[in-house]
Structure formats: C-alpha cells, structure tokens
Amino acid sequence: MSPSEIKLPDYRSLAPAVAARFERIRERPVILSVRDLKKSFGANGSTHVVFDHLSLEIHRREFICAVGPSGCGKSTLARIVAGLDEASGGEILLNGESVAGPGPDRGMVFQGYTLFPWLTVKRNVMFGLQMSGKAPSTADTEARQWLDMVGLSKFEESYPHELSGGMKQRVAIARALANNPRILIMDEPFGALDAQTRAQMQNYLLQIWKKVDVTILFITHDLDEAAFLSDRIIVMGVNPGGIREVIENPVPRPRSPAQFISPEFLALKKRLEHHIHPPVEGEPAEKLPMIKLTDAGDEVE
Ligand SMILES: Nc1ncnc2c1ncn2[C@@H]1O[C@H](COP(=O)(O)OP(=O)(O)O)[C@@H](O)[C@H]1O
Ligand SMILES: [Mg+2]
C-alpha cells in the first residue's frame with residue numbers, strides 16, 4: 001500500500017474550522033519561498049546529491065514541520081534557509097527578497113544547547129540585541145520581556161549550567177525571537193529532552209507562537225511531535241532525496257494531548273509512518289541464535 005492510499009479524514013466536511021484555517025493561511029503573504037533548491041556534497045567524481053528541485057512556499061505565521069528519515073537532508077535544508085550553508089543551486093526568498101548568508105530576519109534554535117555559558121540568561125538574550133546596535137538599557141528591557149514571554153523571569157540572573165535542558169531551550173527560543181526574525185528555524189530543538197519535558201516544550205512553543213508574529217520551520221523525526229505542532233507537514237525522503245509529500249494537518253486547533261487518539265491524528269500518523277518506516281515484507285526481524293546462558297529455571301517468554 002502506498003502512503004497516498006491511506007486516506008486522511010476529509011476535514012473539509014468533517015471539521016469546517018480546519019478548512020477555514022487553511023483558507024486563512026493561504027490568504028496570508030508568502031514569507032519563505034524555496035525555489036528549485038539543490039544541495040550536493042563532494043567533488044566531481046563522487047558527488048552525493050542530497051536533494052534537487054526542492055521547492056516550497058510557507059505563509060506568514062504558518063507552522064511547518066519537516067519530517068523524514070535520518071540523512072534525508074532536513075538539517076541541510078534548515079542550514080541553507082538559515083544561511084549557514086550554501087546551496088548548490090536554486091534560490092531562497094524571504095519576504096520576496098533573495099537571501100544568501102545569515103541575517104537577523106532568520107532565528108535558529110538547534111538541538112544542542114547553544115547558550116553562552118559565561119553569560120547570564122538575560123545577557124544571553126541581550127547579546128543579539130546589542131549586536132544589532134540597541135542601547136544596553138533598551139536591550140535590557142526587551143530581554144526581560146522575552147524572558148517573561150517564555151516564563152523565565154525569575155531566572156534572568158542565573159547561568160545556563162543552573163538551568164534544566166528544557167529551560168535552556170526556552171532561553172534559546174527567547175534569544176532567537178528577541179531579534180524579531182521573520183522566520184524561526186528549529187532543528188530537532190527538543191530532541192535531547194525526556195518525553196515529559198518535550199511534551200511541555202511543545203505546549204510552550206504553541207503558546208509562544210500564538211503571541212508572536214513569526215513563521216516556524218520545525219525539523220523533527222518525531223511523528224507525534226509533527227502531528228501535534230504543525231499546520232502542514234513536509235515529508236522528505238532519500239534516494240532520490242527531496243519532498244515526497246506535503247500534508248495539510250487535519251487535526252483541529254487548539255491542540256491538546258487528548259487528540260493523540262483522535263481518528264484524524266491516528267490517520268495522519270499512519271500515513272507519515274508509511275513514508276518513513278514502510279512495512280517490510282517477510283520476517284519482521286532476524287532471529288538470533290538460541291544459545292542459553294542461564295539455568296536458573298525461571299523461564300521467560
Ligand atoms: N558537510 C557535509 N559533508 C558531506 N556530506 C554531508 C555534510 N553534511 C551533510 N552531509 C550528508 O547530507 C545528507 C543529509 O544530511 P542531514 O541534512 O544532516 O540529514 P538529516 O538532518 O535529515 O538527518 C547525509 O547523507 C549526510 O551524510
Ligand atoms: Mg538532522
């Protein structure tokens with residue numbers, strides 16, 4: 001069975017609110033336009049093409065998740081959009097203007113904790129503001145507002161090593177948003193967190209996104225996470241690399257963990273799973289040789 005044969009519930013008839021949401025999104029201006037993007041690594045002889053002819057349009061305040069198997073080029077795409085890596089072909093337009101190289105119009109949050117360990121939480125958030133020429137007093141006020149937004153006002157004088165992983169990522173989000181980017185690019189930002197903290201962070205992120213005029217490109221390999229957060233999901237593949245499908249997420253907003261067992265959520269996940277872990281024919285896993293190293297007598301199944 002191909003992924004497209006897994007029918008998603010027709011949200012147009014099922015949930016008019018979901019259909020209306022997509023109509024509203026399509027009416028908003030395009031913030032990020034990726035045109036015919038190509039990336040290859042290696043010199044002439046052994047060139048590895050990660051993807052080619054990758055095109056995509058993201059509207060203002062849209063929440064896009066990109067999923068795909070390891071090595072399909074998710075981070076490569078994120079890095080090129082962020083201007084940290086150069087494309088081998090094609091073009092990136094932000095607000096209609098071609099961009100190359102990093103800029104304050106794009107914020108980035110990675111999986112690894114990237115705060116400056118020698119600066120306090122507040123000074124970490126102030127850093128970019130002062131780099132862009134803001135007076136220390138303005139940077140101070142704005143940094144406090146952002147820390148308030150992510151619920152960390154009480155920790156402004158703490159150092160990163162005094163914070164939990166989830167709190168560090170909230171500071172990283174505040175720091176990225178403080179520069180007022182048009183787009184926030186997040187590459188597996190919650191990948192290193194335990195399941196419970198991760199769920200909390202997803203919840204925080206949705207609350208923050210509601211309050212800020214920012215478009216989000218969120219890379220993840222966690223299908224639940226993509227289904228919980230996104231408006232649309234870009235499914236990427238390998239050999240050949242590129243976008244396999246762009247799926248409109250039929251799960252209504254506001255999202256809650258209770259929806260994890262809703263028919264829309266389950267159908268969406270099943271379709272994503274078919275892309276990423278296609279069912280294998282035959283034996284599910286190779287049998288290991290039967291060598292017994294216990295004679296304790298307490299047999300296990
Ligand atoms: N600097 C590099 N040099 C050579 N190959 C690279 C480099 N960065 C990434 N690649 C290759 O590009 C492909 C995509 O990598 P990546 O974007 O990290 O995938 P993902 O984030 O989806 O796991 C992989 O095959 C990887 O080996
Ligand atoms: Mg990656």
Side-chain angles (χ1 to χ4, degrees), residues 3 32-56 58 63-92 94 99-102 106-115 165-166 168-169 172-173 176 183-195 197-198 201-202 205 215-230 232-247 249 268-269 271-278:
L32 179 77
S33 182
V34 176
R35 294 192 183 158
D36 259 341
L37 201 67
K38 176 177 181 177
K39 181 65 183 177
S40 53
F41 287 106
N44 317 335
S46 59
T47 313
H48 169 52
V49 179
V50 183
F51 46 70
D52 198 357
H53 303 297
L54 191 153
S55 296
L56 165 75
I58 306 183
F63 201 131
I64 297 281
C65 285
V67 300
S70 186
C72 72
K74 301 183 296 295
S75 295
T76 303
L77 174 66
R79 290 176 56 80
I80 295 174
V81 174
L84 302 175
D85 210 343
E86 226 177 295
S88 314
E91 202 180 13
I92 307 269
L94 197 69
V99 290
R106 281 149 294 153
M108 185 97 197
V109 178
F110 300 94
Q111 175 176 333
Y113 309 126
T114 52
L115 301 177
K168 280 185 220 175
Q169 288 306 65
I173 293 169
I183 184 160
L184 182 62
I185 304 151
M186 308 183 82
D187 189 359
E188 311 242 10
F190 310 147
L193 304 174
D194 64 85
T197 309
R198 189 175 185 135
M201 290 299 293
Q202 292 162 0
L205 182 60
T215 304
I216 299 183
L217 175 59
F218 188 105
I219 312 284
T220 179
H221 64 254
D222 182 328
L223 305 182
D224 282 321
E225 185 164 72
F228 185 69
L229 294 174
S230 67
R232 283 188 296 155
I233 301 174
I234 299 164
V235 185
M236 295 173 67
V238 275
N239 294 326
I243 297 179
R244 291 276 191 276
E245 192 180 8
V246 180
I247 302 176
N249 186 334
L268 173 61
K269 235 189 108 180
R271 176 123 148 208
L272 292 171
E273 263 164 8
H274 266 256
H275 273 295
I276 291 165
H277 320 286

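Whatever order the structure lists them in is the order used to number ligands and atoms, beginning at 1. Just so it is clear, the model here is predicted, and its values are computed rather than measured.
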**Asked** Protein N, O or S atoms less than 2.8 Å from the Mg ion (ligand 2), ignoring waters?
**Response**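 Protein N, O or S atoms closer than 2.8 Å to the Mg ion (ligand 2): S75 OG.
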
**Message:** Filter on side-chain hydrogen bond (donor to acceptor under 3.5 Å, both in side chains), then keep only pairs touching residues 237-247, sequence neighbours left out; what's left?
**Reply:**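 Applying side-chain hydrogen bond (donor to acceptor under 3.5 Å, both in side chains) to every pair that reaches into residues 237-247, excluding sequence neighbours, yields E245-R271, E245-H275.
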
If you measure from [atom1] on [X] to [atom2] on [Y], what distance do you get to the nearest 0.5 Å?
| X | Y | atom1 | atom2 | result |
| --- | --- | --- | --- | --- |
| L84 | R106 | CG | CZ | 8.5 Å |
| I64 | I185 | CD1 | CD1 | 13.0 Å |
| S33 | I58 | OG | CD1 | 9.5 Å |

**Prompt:** If you look at every heavy atom in I80 and F51, which pair is closest and at what distance?
**Reply:**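 Heavy atoms of I80 and F51 come nearest at CD1-CZ, 4.1 Å.
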
**Request:** Answer yes or no: is there an ion pair linking K269 with D224, defined by an N-O contact shorter than 4.0 Å?
**Result:**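 Yes, this pair counts.
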
**Request:** Can you sort out the partners of A172 under side-chain contact (heavy atoms from CB on, under 4.5 Å), two or more places apart, ordered by chain and number?
**Result:**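 Residues passing side-chain contact (heavy atoms from CB on, under 4.5 Å) with A172: V109, L115, Q169.
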
Quick one: ligand 1 N/O to protein N/O pairs below 3.5 Å?
| unit_1 | atom_1 | unit_2 | atom_2 | d |
| --- | --- | --- | --- | --- |
| ligand 1 | 17 (O) | S75 | N | 3.4 |
| ligand 1 | 17 (O) | T76 | N | 2.8 |
| ligand 1 | 17 (O) | T76 | OG1 | 2.5 |
| ligand 1 | 19 (O) | G73 | N | 3.3 |
| ligand 1 | 21 (O) | S75 | N | 2.9 |
| ligand 1 | 21 (O) | S75 | OG | 2.9 |
| ligand 1 | 22 (O) | C72 | N | 3.3 |
| ligand 1 | 22 (O) | G73 | N | 3.0 |
| ligand 1 | 22 (O) | K74 | N | 2.9 |
| ligand 1 | 22 (O) | K74 | NZ | 3.0 |
| ligand 1 | 23 (O) | G71 | N | 2.7 |
| ligand 1 | 25 (O) | H48 | NE2 | 3.3 |

**Expected output: side-chain S230 to main-chain C65 donor-acceptor under 3.5 Å** =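 No, because the side chain of S230 does not come within donor-acceptor range (under 3.5 Å) of the backbone of C65.
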
**Asked** Would a distance-only check, ignoring hydrogens and angles, find a side-chain to backbone donor-acceptor pair under 3.5 Å from K74 to P69?
**Response** yes

